[in-house]
Structure formats: structure tokens, C-alpha cells
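Because only heavy atoms are used, hydrogens play no part in the values below, and waters and symmetry mates are left out as well, while side chains stay in. The chain is numbered in sequence order, starting from 1.
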Amino acid sequence: MTNNEPIIDLRSDQHFMGQAMRLAQRAYHEEEVPIGAVIVRDQQIIARAYNQVETLKDATAHAEMLALTQAQSVVEDWRLTDCDLYVTKEPCPMCAGALVHCRLRRVIFGCSDPKGGAAGGLLNLLQHPSLNHACQITEGVLLDECAGILQSFFRERRQASPSPPL
């Protein structure tokens, strides 16, 4: 490292994913599936959210959906063409559809979801050729941290639930 390199790059994918991880940790402590999301425009975070499905009793209260609503309010438009989403887990089909509809420029996620992800895991709605917009995708940012918090959460849930009778 040279003397004129910053110690922390506050504009890097790792920095913004770290902010999403903080939100995932908050979800974890509130007993929600630990997924966090931030939306960035002009290198500034304009929206922050984490899963609140259980808290709000709303199946659509995924981190991505809540962040989209905040960002649209800030931008005062439903189009988010100059915005990037950082989310700790690959978006599901519902969220991916909304991301395409809002025309996000880029989607950056931590860990993939081969069983239900819609950014290349199970399918790729974010870049589906018949849709009117395609988002750039970057995956694997802070992969170990993003996967680790989800694994811990679900391991604790399995240990806490009583075993079915034999």
C-alpha cells in the first residue's frame, strides 16, 4: 500500500455492502431473516432497509422492496435509473421484478440463492431478454459474511424448534 491510498474506500462495493450487513444484523436481532439493503445514488446512500416481514405481517416487506419505496420517495420518481442496490442475499423473483420495473442500474449482492434467487441462482429476471430493462449484476461481495449471518440465523431456528415426535 502506498501512502496516498485511502485506508477505507467509502465508495467501494465492500463499503456499501458493509452498510447492508449492518442492517442484516439489525434484522437478525429483531428475529427477522437477516437481509439488509441499501440504495446508492451519486456515491451516497439514499435508502436503507432490512427484512420486516414478521414485524409488519407483510409478505412483501423484503429489504429490497422497502428500500425501493424509500429511494423513490427521495428521488421523487419511480424510476431509479442512476441508482445501485446493495443487498446481502440474491433477490427473490418478487424483488427482482420490482428492481427491473424501477430500472435500477446495478444490483450488487453478497450470497447467491440457488433455490430461489432471481439474479442467476434459480433464474435471472434481472437480465431476462424479453423484459424492457436489464440490471447489471455483481455477486459475491462480502460473500462469507453475508452467507454466514443467514446460516447462523437458520441454524439457531432449527435448534430452537422442537423435534417432531417419533
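Side-chain contact check for Q14 versus M17: every heavy-atom pair is 4.5 Å or farther apart. Looking at E30 and R26, their side chains come closer than 4.5 Å, going by heavy atoms from C-beta outward. Within the 4.5 Å cutoff, the side chain of I39 has no heavy atoms near those of the I45 side chain. L80 has its side chain out of reach of R103: every pair of non-hydrogen atoms, C-beta onward, lies at least 4.5 Å apart. Two residues are said to be in side-chain contact when any heavy atoms from C-beta on lie closer than 4.5 Å; T88 and I149 fail this criterion. L85 places none of its side-chain heavy atoms less than 4.5 Å from the side chain of V38.
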Check: Is there a side-chain contact (heavy atoms from CB on, under 4.5 Å) between Q52 and K57 once you walk through the steps?
Finding: CA-CA 8 Å; Q52 295 185 57; K57 308 293 185 231; over 6 Å; no

Item checked: Residue pair F16, I108: steps toward the side-chain contact (heavy atoms from CB on, under 4.5 Å) verdict -> CA-CA 9 Å; F16 291 120; I108 303 94; over 6 Å; no

Item checked: Full working for side-chain contact (heavy atoms from CB on, under 4.5 Å) between D84 and D13 -> CA-CA 10 Å; D84 302 328; D13 286 349; over 6 Å; no

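For R22, the CZ atom sits in a loose shell: 12 or fewer heavy atoms of surrounding residues, nucleotides or ligands are nearer than 6.0 Å.
Ring pair H101/W78 is parallel by interplanar angle, where below 30° counts as parallel and above 60° as perpendicular.
In this structure, F154 is a member of the same hydrophobic cluster as V87, with clusters built from ILVMFWY side-chain heavy atoms closer than 4.5 Å.
A donor-acceptor contact shorter than 3.5 Å is absent between the side chain of E64 and the backbone of A37.
Here D113 pairs with K89 in a salt bridge; the nearest charged N to carboxylate O distance falls below 4.0 Å.
For the side chain to side chain contact (heavy atoms under 4.5 Å, CB included) test with I35, the passing option among N51, L23, V53 is N51; the others fail.
Using modelled atom types and a 3.5 Å distance limit, the side chains of Y28 and E156 yield a donor-acceptor pair.
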Identify all side-chain donor-acceptor contacts of residues 133-144 below 3.5 Å with residues at least two apart in sequence or on another chain.
unit_1, atom_1, unit_2, atom_2, d
H133, NE2, L104, O, 2.8
T138, OG1, R106, NE, 3.4
T138, OG1, R106, NH2, 3.2

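Take F109 and apply the ring pair (Phe, Tyr, Trp, His ring centres under 6.0 Å) test, not counting sequence neighbours, and it matches no residue.
Shown here for A24 and P34, the closest heavy-atom pair between the two residues is O-CB, 3.3 Å. Closest of all the heavy-atom pairs between A67 and A49 is N-CB, 3.6 Å. Of all heavy-atom pairs between L66 and Y50, the closest is CD1-O, 3.5 Å. Shortest non-hydrogen contact noted between C111 and L150 is SG-CD1, 3.6 Å. Considering all non-hydrogen atoms of both residues, C83 and V75 come closest at SG-CG2, 4.5 Å. Closest of all the heavy-atom pairs between R41 and D82 is NE-OD2, 2.9 Å.
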